[in-house]
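Notes follow the structure.
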Number of protein chains: 2
Amino acid sequence: MTIPRAKSGAQLLDRAVALLDLVADGNSEGETLKSLCERSNLNKPTCHRILNALVEHGLLNRDPEGRRYRLGTKLMVFGAKAANGPGLRSQCQPALERMRRTTGETAMLMARDGDDSVCIDRYDGDCLLQTLTGSIGGSVPLGVGPGSLAMLAFLPEEQCEEIVARNRPRIAAYPALSDERLWQLIEQTRVQGYALDSGELLPGVAGISMPLHVVETGPIASLSLTFLSARLTPELIERYVALLREEIALIEPYLNPLDRRLTSPERVLGQH
Amino acid sequence: MTIPRAKSGAQLLDRAVALLDLVADGNSEGETLKSLCERSNLNKPTCHRILNALVEHGLLNRDPEGRRYRLGTKLMVFGAKAANGPGLRSQCQPALERMRRTTGETAMLMARDGDDSVCIDRYDGDCLLQTLTGSIGGSVPLGVGPGSLAMLAFLPEEQCEEIVARNRPRIAAYPALSDERLWQLIEQTRVQGYALDSGELLPGVAGISMPLHVVETGPIASLSLTFLSARLTPELIERYVALLREEIALIEPYLNPLDRRLTSPERVLGQH
DNA sequence: TTTAATATTCCATATTATGGAATATCGAAG
DNA sequence: CTTCGATATTCCATAATATGGAATATTAAA
């Protein structure tokens, strides 16, 4: 791993965040010092020092048994606060709750995280279904599954291609998703305005998803409904797409607060 | 604010975490550079540099408008993963779900965060109630409300006193909670083994809570049930306390993985 | 347009983090 | 119980990094 450097001179931070990333990406059993050293290309003392500082600050926890490092409680707290503030979760919670209630399906909120898509919130439907991301916090490469496809497809073409290229090896783990099929789905999603998986990835589990757009930034998240593919009919799709569109229309204005410059008196005068 | 130094030499990290804390503590509108400089006792360039490095790494986001700093998307992702893994949330989710289902009340999971108590997860009951912490991510000073009281009361006496002393000014915002009354409640919680608020803090809203203990660390979280105080009867308390006790008995073993040294052959032999 | 307030950049310097080497601890095998 | 290999932790002189005062730029208000 090559640790990405921030423009600001803050190497220690770069390294600390890189280590957090490595721990986050690892399995939930936690990561050993050795493994983190190797994967980060940091030497033992440096790695050890930073990891322990992170532990002292509560960003990491440490399994006293196996001497393994895991994400810490404080991150839970930060995460909860971040998701809550003017963050996505609080904005979308009513929508998820309504969708869950009126359809009885599983409603999910996914957010983009680099080349991945992460489940931020989830309201389980009447029928408990397995999903690609599992529960909250689970992630998939962008492109896999309707929730992530909905974001990927609406990124600028160039970025989209780069991401697909980078994710190719990881997408290969899904045999149903050939390169050709992926581009087909992307194209289809763009044309239709929503992403649909009729049960290709997880047999029997279908999903519909639409992106949440932020101006100048693009799709940052998506809302999805997941249900048994046996129930998939054109009417159902139509109904759920309409529902998603409706809920998104309610949320997007809050994600795109009006740019004051566009409405300030000066600017209005300037338009004369 | 005096920035806490880690034993390991990692001042930059200390400062970065301190800034994250300040942003997390601030309101959800975000914090300005100036305010963060003042509150952290860091000078402008240093503060600016660290904040922007955090932004580059996605731990903070920045409001392009008001130039304010907020908790970033990546923290949401980390938080979700932390809460999910062998973290509290995933351990407690089934319990919350069961409690919510069998009682129809609002079930909450709170975790300790320094002198505060944060809502990590919440399953709303049939009747939507206002709670002290609001939704997920909300926090209250330790001591305010049954969920936080359940943790505070079972901390070592000394720590408990220190926290109460530090939190005094913030607790003053709750007129119903005089110093005397707080200590009464702490004592009562210790004796009963559970914390009870019969509607003192939020008129009409009652709550019962019990702590989750980790050996050597103490109470790190609590499970609570919240309901209309009008429905509060001794029988209801008894039933809910039994339910909480039951669920906690199921969770605690997983939070306290058996210390292998205590069960290893050597040790068994050693006990002869 | 001017002014005050806030944010950003610069850069020589002092302070900090670095990492090789030594040491300690753990766990498995004999 | 002892040995041995592997992993984790500590030490410290040095190199490299972050620091912060001062200068500059940007923004919002007057």
Side-chain angles (χ1 to χ4, degrees), chain A residues 3 5-19 23 26 29-57 60-70 259-270, chain B residues 3 5-19 23 29-57 60-70 259-270 272:
Chain A
I3 295 178
R5 294 279 336 238
K7 267 168 278 176
S8 345
Q11 187 178 84
L12 185 55
L13 256 180
D14 300 336
R15 293 175 166 181
V17 175
L19 287 171
V23 175
E29 296 305 311
E31 297 291 317
T32 64
L33 175 61
K34 184 178 151 65
S35 143
L36 292 170
C37 282
E38 284 164 2
R39 294 203 281 146
S40 66
N41 290 320
L42 291 172
N43 56 29
K44 262 183 291 173
T46 300
C47 209
H48 179 260
R49 197 157 11 91
I50 298 175
L51 286 169
N52 284 99
L54 289 171
V55 169
E56 285 185 65
H57 288 299
L60 289 179
N61 277 348
R62 164 154 229 195
D63 175 353
E65 271 306 298
R67 300 128 146 234
R68 297 174 108 88
Y69 296 91
R70 295 176 178 167
D259 193 322
R260 239 189 272 164
R261 277 166 297 186
L262 296 176
T263 52
S264 65
E266 300 94 300
R267 192 45 171 261
V268 170
L269 287 171
Chain B
I3 294 178
R5 295 273 342 234
K7 266 168 279 174
S8 347
Q11 187 177 85
L12 184 55
L13 256 181
D14 301 335
R15 293 176 168 182
V17 176
L19 287 171
V23 175
E29 297 304 312
E31 297 291 317
T32 64
L33 175 62
K34 185 180 154 67
S35 143
L36 291 169
C37 283
E38 284 164 2
R39 293 202 282 148
S40 66
N41 290 320
L42 292 171
N43 57 28
K44 262 183 290 173
T46 300
C47 209
H48 179 258
R49 195 156 13 89
I50 298 174
L51 286 170
N52 283 98
L54 290 170
V55 169
E56 286 185 64
H57 288 299
L60 290 179
N61 277 349
R62 160 154 234 195
D63 175 353
E65 270 307 296
R67 300 129 145 235
R68 298 175 108 89
Y69 296 91
R70 297 173 176 170
D259 195 319
R260 241 189 269 166
R261 277 164 297 187
L262 295 177
T263 52
S264 65
E266 299 93 301
R267 191 47 170 258
V268 170
L269 287 170
H272 282 203

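Both backbone and side-chain heavy atoms feed into the values below; hydrogens, waters and symmetry mates do not. Naming convention: chains lettered A, B, ... in sequence-line order (proteins, then strands); numbering from 1 in each chain.
The side chain of Asn43(A) lies closest to dG19(C) when the candidates are dG19(C), dG20(D), dT18(C).
Taking atom CG of Leu12(A) as the reference point, atom P of dT15(C) lies 18 Å away to the nearest angstrom. When rounded to the nearest whole Å, the span between CZ of Arg68(A) and P of dG27(C) equals 12 Å. Residue Ile50(A) contributes atom CD1, which lies 16 Å from atom C1' of dA8(D) at whole-angstrom precision. At whole-Å resolution of the value, CG in Leu19(A) and C1' in dT18(C) are 15 Å apart. What separates CG of Leu42(A) from P of dA8(D) is a distance of 15 Å, to the nearest Å. If you measure from atom CG of Leu36(A) to atom P of dT7(D), you get 13 Å, rounded to the nearest angstrom.
The distance from atom CG of Asn43(B) to atom CZ of Arg49(B), rounded to the nearest 0.5 Å, is 8.0 Å. Between Leu19(B) atom CG and Leu60(B) atom CG the span is 8.0 Å, to the nearest 0.5 Å. Here the CG-CZ distance, from Leu12(B) to Arg15(A), works out to 11.5 Å after rounding to the nearest 0.5 Å. Rounded to the nearest 0.5 Å, atoms CG (Leu33(A)) and CD (Glu38(A)) are 9.5 Å apart.
Applying the side chain to side chain donor-acceptor pair (under 3.5 Å) test to Asn41(A) and every residue at least two apart in sequence or in another chain returns nothing. Applying the side chain to side chain donor-acceptor pair (under 3.5 Å) rule to Lys44(B) yields no partners; only residues at least two apart in sequence or on another chain are considered. Shown here are the salt bridge (charged side-chain N to carboxylate O under 4.0 Å, His left out) partners of Arg39(A), two or more places apart in sequence or in another chain: Glu31(A).
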Pull out every protein N or O sitting under 3.5 Å from an N or O of nucleotides 8-11 of chain C, one pair per line with the distance.
residue	atom	partner	partner atom	Å
dT8(C)	OP1	Arg62(B)	NH1	3.3
dT8(C)	OP1	Arg62(B)	NH2	3.3
dT8(C)	OP2	His48(B)	NE2	2.8
dT8(C)	OP2	Arg62(B)	NH2	3.2
dT8(C)	O5'	His48(B)	NE2	3.0

(Q) Using side-chain contact (heavy atoms from CB on, under 4.5 Å), reason through Arg62(B) and Asn52(B) one step at a time and then give a plain yes or no. (A) CA-CA 9 Å; Arg62(B) 160 154 234 195; Asn52(B) 283 98; 3.1 Å; yes
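Rounded to 10°, the helix from dT1(C)-dA30(D) to dG30(C)-dC1(D) has 50° between the axis fitted to its first five pairs and the one fitted to its last five.
At dG19(C), one or more side-chain N or O atoms of Arg15(A) fall inside 4.0 Å of OP1 or OP2 (strictly under the cut-off).
Both Thr46(A) and Lys34(B) lie near DNA chain C, and the one whose nearest nucleotide falls closer to the 5' end is Lys34(B).
Leu54(A) has its side chain out of reach of Val23(A): every pair of non-hydrogen atoms, C-beta onward, lies at least 4.5 Å apart.
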